[in-house]
Colleague: 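Next up is a structure, given as structure tokens.
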Amino acid sequence: MSFFDLLKIEFIKGKRSKIIPLIFIAPLLVVASGIANLQSYFSPEYTNAWAAMFIQSALVYAYYLLPFSMIVVCVMIAGRETGNNGILKMLALPVSRYALSAAKFCILLFYLLMEMFIFLVVFVIAGWIAAKNTGITEALPILYLLKWCAGLFLTMLPSIAIMWAITILFAKPLLSVGLNLFLVIPGVLAANTPFWVVYPYCYSGYLVSCSLHDFTANGNSNGFTLFPFLPSAILIFAFVLTVAITRFGKKEMK
């Protein structure tokens, strides 16, 4: 069985689950509340309305709601195999358990990408309605929105790998959810220390915080610098993903 076949099987499993409806919840909540709270401050002369709406919506989303939703998705993906000893049946197949774990992680990334797309679409629709209601004629900055959404996706990768590894290492879903939540909650505090580069759970929130600083500083960029972020993020991602792939199915085989 090829890796592509494994991906197709995982996609079919996903269609039968409630994951897709779940990933609509966080974008809808954060965009609706963020833009609704900000709309009262708009006037036809307001400038940079789209940037203000995006930062207002993305700040809480990046720090909390996006990680929370991905934690649940991790548990749901893993939970599909624990029922009726499904994982043991899969491991009995002539397929590498490393390939199985990698396929599941690729599906997890697909759901992350899908949620980012949903967030972008919902934001554009809600922002367009808010702009129309307040008489703002500012053009939709699609490249700006795509850049920051792509940034959110990429900065989430290390924390997604950690979430998946924790889900694999702990047999009980309650333990994996609790530990992941425990690591997400201090993200805001970690982002305000020099050690943020070694705390992946705050990467996406820190990115939006930098955009907020740039916005309030009238373009004087504080800068989300690639160094030392990029080397640290790559090393953490590679190490944790290796652990997740190599440990997948180990506890079930004992």
Colleague: Could you tell me whether the side chain of Leu120 reaches within less than 4.5 Å of the side chain of Leu146, counting heavy atoms only?
Modeller: yes

Colleague: Kindly compute the distance separating CG (Leu108) from CE (Met76), expressed to the nearest 0.5 Å.
Modeller: 12.0 Å

Colleague: CH2 of Trp50 to CD1 of Ile142: how many Å apart, nearest 0.5 Å?
Modeller: 9.0 Å

Colleague: Quick check: is Leu143 connected to Ile55 through a chain of hydrophobic side chains (ILVMFWY, heavy atoms under 4.5 Å apart)?
Modeller: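 Yes: a chain of side-chain contacts under 4.5 Å links Ile55 to Leu143.
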
Colleague: Is it true that Leu174 and Phe170 fall in one hydrophobic cluster, defined by side-chain heavy atoms closer than 4.5 Å?
Modeller: no

Colleague: How close do Cys74 and Met163 get, counting heavy atoms only, and between which atoms?
Modeller: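 In this case the closest contact between Cys74 and Met163 is SG-CB, 3.9 Å.
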
Colleague: With Ser101, which residues qualify under side-chain hydrogen bond (donor to acceptor under 3.5 Å, both in side chains), at least two apart?
Modeller: none

Colleague: Looking at Pro27 and Val122, what are the two nearest heavy atoms and their distance?
Modeller: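 Closest approach of Pro27 to Val122: O-CG1, 4.1 Å.
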
Colleague: Which residues pass the side chain to side chain contact (heavy atoms under 4.5 Å, CB included) test with Leu29, sequence neighbours left out?
Modeller: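 In terms of side chain to side chain contact (heavy atoms under 4.5 Å, CB included), with neighbours along the sequence ignored, Leu29 is linked to Ile25.
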
Colleague: Going by the rule ring-ring contact (aromatic ring centres under 6.0 Å, His included), which residues pair with Tyr61 if we only count those two or more places apart in sequence or in a different chain?
Modeller: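 ring-ring contact (aromatic ring centres under 6.0 Å, His included) check on Tyr61 returns Phe119.
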
Colleague: Hey, what do you get for CG (Leu22) to CE (Met70), rounding to the nearest 0.5 Å?
Modeller: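 Separation between the atoms: 7.5 Å.
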
Colleague: To the nearest 0.5 Å, what is the distance between CD1 (Ile162) and CG (Leu241)?
Modeller: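 Going from the CD1 atom of Ile162 to the CG atom of Leu241 covers 11.0 Å.
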
Colleague: State which residues pass side chain to side chain contact (heavy atoms under 4.5 Å, CB included) with Leu154; sequence neighbours excluded, sorted by chain then number.
Modeller: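 Checked Leu154 against side chain to side chain contact (heavy atoms under 4.5 Å, CB included); matches are Leu157.
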
Colleague: Can you check side chain to side chain contact (heavy atoms under 4.5 Å, CB included) on Ser211 and Val208, steps first, answer last?
Modeller: CA-CA 5 Å; Ser211 70; Val208 181; 3.9 Å; yes

Colleague: Using every non-hydrogen atom in the two residues, find where Ala102 and Ile245 come nearest and quote the distance to one decimal.
Modeller: CB-CD1, 4.3 Å

Colleague: Give me each pair satisfying side-chain hydrogen bond (donor to acceptor under 3.5 Å, both in side chains) with a member in residues 66-75, each pair once, sequence neighbours excluded.
Modeller: Ser69-Glu115

Colleague: Tell me, please, which residues at least two apart from Tyr63 pass side-chain hydrogen bond (donor to acceptor under 3.5 Å, both in side chains).
Modeller: Ser209

Colleague: What are the two closest non-hydrogen atoms of Ser204 and Met156, and how far apart are they?
Modeller: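 Closest pair (atom of Ser204, atom of Met156, distance): OG-CG, 3.1 Å.
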
Colleague: Quick one: are Leu145 and Leu140 in side-chain contact, heavy atoms under 4.5 Å?
Modeller: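 Result yes, sub-4.5 Å side-chain heavy-atom pair found.
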
Colleague: Run the ring-ring contact (aromatic ring centres under 6.0 Å, His included) test against Phe110 and tell me which residues pass, sequence neighbours left out.
Modeller: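 Expected list: Phe11.
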
Colleague: Identify the two heavy atoms, one from Thr155 and one from Leu152, that lie closest to each other, and give their separation to 0.1 Å.
Modeller: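 So the two residues come closest at OG1-O, 3.2 Å.
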
Colleague: Rounded to the nearest 0.5 Å, what's the gap from CD1 on Ile23 to CG on Leu66? Could you check?
Modeller: 10.5 Å

Colleague: So do the side chains of Ile20 and Tyr111 get within less than 4.5 Å of each other, counting heavy atoms only?
Modeller: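 Ile20 reaches Tyr111 side chain to side chain.
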
Colleague: Please report the interatomic distance CG(Leu169) to CG(Leu175), rounded to the nearest 0.5 Å.
Modeller: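 So the CG of Leu169 and the CG of Leu175 are separated by 11.5 Å.
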
Colleague: List in chain and number order the residues that pass salt bridge (charged side-chain N to carboxylate O under 4.0 Å, His left out) with Lys8, two or more places apart in sequence or in another chain; answer none if no residue qualifies.
Modeller: Asp5

Colleague: Residues in side-chain hydrogen bond (donor to acceptor under 3.5 Å, both in side chains) with Ser57, at least two apart?
Modeller: none

Colleague: Do you know which two heavy atoms are closest between Tyr206 and Trp196, and how far apart they sit?
Modeller: CE2-CZ2, 3.4 Å

Colleague: Do Phe54 and Trp148 come within less than 4.5 Å of each other through their side chains, counting heavy atoms only?
Modeller: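 Phe54 reaches Trp148 side chain to side chain.
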
Colleague: Name each donor-acceptor pair under 3.5 Å that joins a side chain in residues 180-192 to protein atoms two or more places apart or in another chain, with its distance.
Modeller:
| from | atom 1 | to | atom 2 | distance (Å) |
| --- | --- | --- | --- | --- |
| Asn180 | OD1 | Tyr201 | OH | 2.6 |
| Asn180 | ND2 | Ser176 | O | 3.1 |
| Asn192 | ND2 | Val188 | O | 2.7 |

Colleague: So, using side chain to side chain contact (heavy atoms under 4.5 Å, CB included) as the criterion, who are the partners of Leu113 when residues are at least two apart?
Modeller: Phe153

Colleague: Ignoring hydrogens and angles, write down the donor-acceptor pairs under 3.5 Å from the side chains of residues 226-239, residues two or more places apart or on other chains.
Modeller:
| from | atom 1 | to | atom 2 | distance (Å) |
| --- | --- | --- | --- | --- |
| Ser232 | OG | Val197 | O | 2.6 |

Colleague: Using a 4.5 Å cut-off on heavy atoms from C-beta on, say whether the side chain of Ile168 contacts that of Val243.
Modeller: no

